Amino acid sequence: MFEAEQKRLEEQILSILTQQDIFVSELKWTQIPFTGEWGITTSFFATAAAEARNGKSVVVPRRAQEIAEMVANGLGTPEGFTKCEPVRGYLNLYFSTVEYAHRVLTEVQVKGDAFGKLSRKSQRVMVEYSQPNTHKPFHVGHLRNVILGSAVCNILDWAGYDVIRANYLGDIGLHVIKWLWGYLKFHQGETPAHDMVRWMGDIYAEATRHFEEDPDVEKEVRQLFGRWHNGDPDIEALWLKTRQWSLDAFDQIYRMMGVEFDRYYFESEVEKPGLELVDQLIQDGIARDERPQDSVIVPLDELLGLENDYRVLVVLRSDGTSLYSTKDLPLAIQKFNEYDLAKSIYVIDVRQSFYLRQIFKTLELMGYPEYAEKCHHLAYEIVNLPGNVTMSSREGTVVLLEDLVREATQRAFQIVAEKNPELSEAAKKEIAFAVAMGSIKYSMLSKDNTKVVTFDWERAMDFNGQAAPYIQYAYVRAGSILRKAGGTVGTIEHPASDLHPTEVQLIDVMTRIPDVIQRAAEEYRPLHVATLAYDLARAFNDFYNQCPVLKEDGEIRAFRLHIVAAARQALGNCLAVLGIVAPDAM
RNA sequence: GCCCCUGUAGCUCAAUGGACAGAGCGCCAGACUUCUAAUCUGUCGGUUGCAGGUUCGAUUCCUGCCAGGGGCGCCA
């Protein structure tokens with residue numbers, strides 16, 4: 001947010017030091033890391049180290065401090081700053097807080113909901129996430145993907161990219177046929193109860209049990225798969241009808257989670273292009289057909305002259321049926337052909353890292369190196385149950401999403417009813433849901449993508465501490481002050497007196513939002529935004545406890561109201577990026 | 001066997017190669033006639049898995065170990 005100042009200072013520093021025949025290494029600017037101190041800082045260790053490397057006999061830290069002192073003397077106190085201090089090799093420049101606070105508040109006020117957004121880049125990025133299998137239950141294990149993928153989309157959007165949110169549905173495969181078999185065998189003619197997800201999940205678990213226990217069932221299922229492949233109209237009709245039940249259920253879940261998609265791809269649609277592509281690969285000598293004894297493979301290491309690196313990618317079963325890879329290859333290309341993508345991101349759990357590396361390498365060998373290098377696997381760790389038990393719909397070790405949301409909402413409802421009994425039933429419900437869903441989202445977004453999440457009922461129900469409600473509550477408090485004050489009005493005046501340290505800290509944290517969004521987008525890590533949102537809420541609570549607003553009058557009251565309005569805006573924007581609803585009361 | 005990820009306070013997690021490694025939870029002791037206490041203040045808590053190396057400076061980068069998790073030709 002202070003690029004202009006930094007650039008101006010850099011020029012001055014450069015001219016001061018070149019006069020002394022000191023070659024300046026690149027200057028990196030950061031915020032002064034001490035709470036309550038507001039300003040920017042840089043250091044001269046790199047500059048001193050470069051001198052040492054060039055044969056000058058200097059002790060780096062001492063020399064860095066010498067240079068910092070030299071610069072400080074040369075700069076004096078630059079315009080807009082109150083102090084310029086050389087400390088242990090660092091050069092600390094302290095803002096004139098009144099002036100800068102005014103500037104920041106004005107910026108937040110003017111930009112409003114767009115505060116923190118970066119300029120548009122005119123680059124399209126596709127993010128594929130969620131990828132649920134139809135005919136299977138949607139459980140807590142699937143949650144992280146949706147929450148992460150959606151948040152990354154928001155972050156990229158805020159960072160200036162044109163984001164295409166894509167979903168890739170596993171609407172065909174053995175799991176679907178197993179389900180159809182189970183339906184025909186034990187539930188023919190039944191229609192889904194109101195609890196559709198559970199109903200379909202139960203049928204799936206039942207069918208899987210038979211499939212695994214009875215070898216004859218496998219034969220029957222394979223036979224059924226054959227009928228599907230041959231386009232048996234009865235089977236096709238049943239498949240489409242039951243698939244729709246699943247899609248409706250997913251739709252409901254996405255709506256509940258506040259998540260949306262621009263483009264749906266179906267696995268069933270890319271199977272045929274995949275089969276054709278494999279033929280082409282064989283013709284081109286990229287794939288080797290070892291049928292009927294073996295499968296069709298892309299011998300990656302052999303083609304690349306490597307050993308034990310990319311290994312071998314199987315692209316077609318020996319019986320000629322398709323695999324994931326059969327479909328992923330054409331789909332990857334289709335995405336680029338359909339949209340002119342600068343980046344194609346796959347939000348898929350870490351267990352598929354090696355597989356995706358193979359897919360991207362195969363794309364390269366197929367003659368699409370420019371696509372391959374734009375593909376990126378955004379890997380995240382899975383959500384386990386305590387005792388390192390992986391959720392599996394086959395084994396029935398799952399916590400259903402709706403159960404989690406219901407329990408969490410109930411718990412939140414009790415608390416709202418306690419805190420705010422005068423609210424209407426509907427309002428309480430709405431708030432409870434926002435708190436529950438926000439907590440679930442925040443608990444996953446505030447951990448790094450590479451960390452395993454262990455699902456724990458007790459912790460999922462805990463709304464205290466560093467969690468969404470803390471941030472939502474700060475937002476509510478800010479709104480409450482503004483409401484009682486009748487809203488803020490007019491332009492922001494310079495306050496007559498110095499700012500309170502908590503005011504400075506709060507404004508300081510606000511200014512970091514654009515940079516944090518930028519970094520979160522570069523690294524695909526919502527964690528940074530989650531942390532910032534919390535820091536902001538904490539800074540606001542400090543301010544709230546130490547700086548009365550409504551009790552003051554005149555300039556101080558007016559100025560603090562603007563701080564409150566800006567803080568509310570900043571909190572709301574951060575929550576929006578995370579996909580968490582900001583309620584008006586709690 | 002090879003590859004990837006993780007290892008930081010009792011627990012769950014932070015920390016663009018920089019200043020004193022920070023939060024939350026839990027424990028204990030406090031603060032509501034106040035702008036909503038879903039809040040705040042204070043106390044306790046560390047050989048950043050181990051050993052080397054690079055660097056002026058390493059939780060961060062490199063190497064080797066140790067521990068846990070995941071992956072490695074017809075599952076998705």
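Labels below follow one simple rule: chain letters A, B, ... track the order of the sequence lines, proteins then strands, and each chain is numbered from 1. Worth saying up front: this structure is predicted, and the values here are computed from it rather than measured.
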With the side chain of [X] defined as its heavy atoms from C-beta on, choose the nearest nucleotide among [options].
X: A:Y324; options: B:A76, B:U41, B:C35; answer: B:A76
X: A:K451; options: B:C13, B:A76, B:A38; answer: B:C13
X: A:P61; options: B:C74, B:C56, B:A38; answer: B:C56
X: A:N388; options: B:U12, B:G70, B:U39; answer: B:G70
X: A:F45; options: B:A23, B:A38, B:C56; answer: B:C56
X: A:D542; options: B:C35, B:C74, B:U41; answer: B:U41
X: A:R317; options: B:C75, B:A38, B:G7; answer: B:C75

Regarding [X], tell me which of base, sugar-phosphate or nothing describes its non-hydrogen contacts under 4.0 Å with the strands shown.
X: A:T450; value: sugar-phosphate
X: A:N384; value: nothing
X: A:N92; value: base
X: A:A467; value: nothing
X: A:V60; value: base
X: A:V58; value: nothing
X: A:Q293; value: base
X: A:T321; value: nothing
X: A:Y544; value: base
X: A:R63; value: nothing
X: A:V452; value: sugar-phosphate
X: A:A49; value: base
X: A:R525; value: sugar-phosphate
X: A:V416; value: base

Phosphate OP1/OP2 of [N]: any [X] side-chain N/O under 4.0 Å:
X: A:R477; N: B:A37; value: yes
X: A:Y470; N: B:A23; value: no
X: A:R519; N: B:U16; value: yes
X: A:R88; N: B:C20; value: yes

Paired with [N] by Watson-Crick or G-U wobble geometry, both distances under 3.5 Å: which nucleotide is it?
N: B:U41; answer: B:A29
N: B:U60; answer: none
N: B:A67; answer: B:U6

What distance separates [X] [atom1] from [Y] [atom2], expressed to the nearest 0.5 Å?
X: A:D294; Y: A:L316; atom1: CG; atom2: CG; value: 12.5 Å
X: A:Y380; Y: A:N145; atom1: OH; atom2: CG; value: 3.5 Å
X: A:E552; Y: A:L561; atom1: CD; atom2: CG; value: 10.5 Å

**OP:** Could you pick out which residue, A:K419 or A:E267, lies toward the 5' side of RNA chain B when each is mapped onto its nearest nucleotide?
**Re:**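 Whichever sits nearer the 5' end wins; that is A:K419.
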Original post:
Which sits closer to the 5' end of RNA chain B, A:K447 or A:C547, going by the nucleotide each is nearest to?
Top reply: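 Residue closer to the 5' terminus by nearest nucleotide: A:K447.
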Within this structure, what is the [atom1]-to-[atom2] distance between [X] and [N], rounded to whole angstrom?
X: A:N541; N: B:A23; atom1: CG; atom2: P; result: 15 Å
X: A:I382; N: B:G69; atom1: CD1; atom2: P; result: 12 Å
X: A:H377; N: B:A76; atom1: NE2; atom2: C1'; result: 13 Å
X: A:Q352; N: B:C72; atom1: CD; atom2: P; result: 10 Å
X: A:D456; N: B:G26; atom1: CG; atom2: P; result: 14 Å
X: A:D462; N: B:C13; atom1: CG; atom2: P; result: 14 Å
X: A:R351; N: B:C5; atom1: CZ; atom2: P; result: 17 Å
X: A:D448; N: B:U16; atom1: CG; atom2: C1'; result: 13 Å

**OP:** Validate the cation-pi geometry between A:R243 and A:F266: distance from NZ or CZ to the six-membered ring centre under 6.0 Å, angle to the ring axis within 45°.
**Re:**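 Here A:R243 passes the 6.0 Å and 45° test against A:F266.
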Subject >> A:R357 NZ/CZ over A:Y310 ring centroid, <6.0 Å and within 45° of normal >> reply: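 Relative to the ring axis of A:Y310, which defines the angle, A:R357 lies inside both limits.
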**OP:** Could you measure between the two C1' atoms, the one in B:G17 and the one in B:C62, and give it in whole Å?
**Re:**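 Those two atoms are separated by 13 Å.
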**OP:** Using the P atom as the reference point in each nucleotide, state the distance between B:A21 and B:U12 in Å, no decimals.
**Re:**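 Their P atoms lie roughly 22 Å apart.
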When only distance counts, do a donor and an acceptor, one from the side chain of [X] and one from the base of [N], lie under 3.5 Å apart?
X: A:R311; N: B:C72; result: yes
X: A:T41; N: B:A19; result: yes
X: A:E290; N: B:G73; result: yes
X: A:N464; N: B:C25; result: no
X: A:N420; N: B:A38; result: no

Subject >> Test item: side-chain donor near acceptor, A:N92 and A:T41, under 3.5 Å >> reply: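 The answer is yes; a qualifying pair exists.
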Subject >> Shortest non-hydrogen separation from A:I580 to A:A468 and the atoms involved >> reply: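 Taking every non-hydrogen atom into account, CD1-CB, 4.3 Å.
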Subject >> Electrostatic pair A:D535:A:R538 at N-O distance under 4.0 angstrom >> reply: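 So A:D535 pairs with A:R538 through a salt bridge.
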Original post:
Just wondering, more than 12 heavy atoms not from A:E307 lying within 6.0 Å of its CD?
Top reply: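 No, not enclosed.
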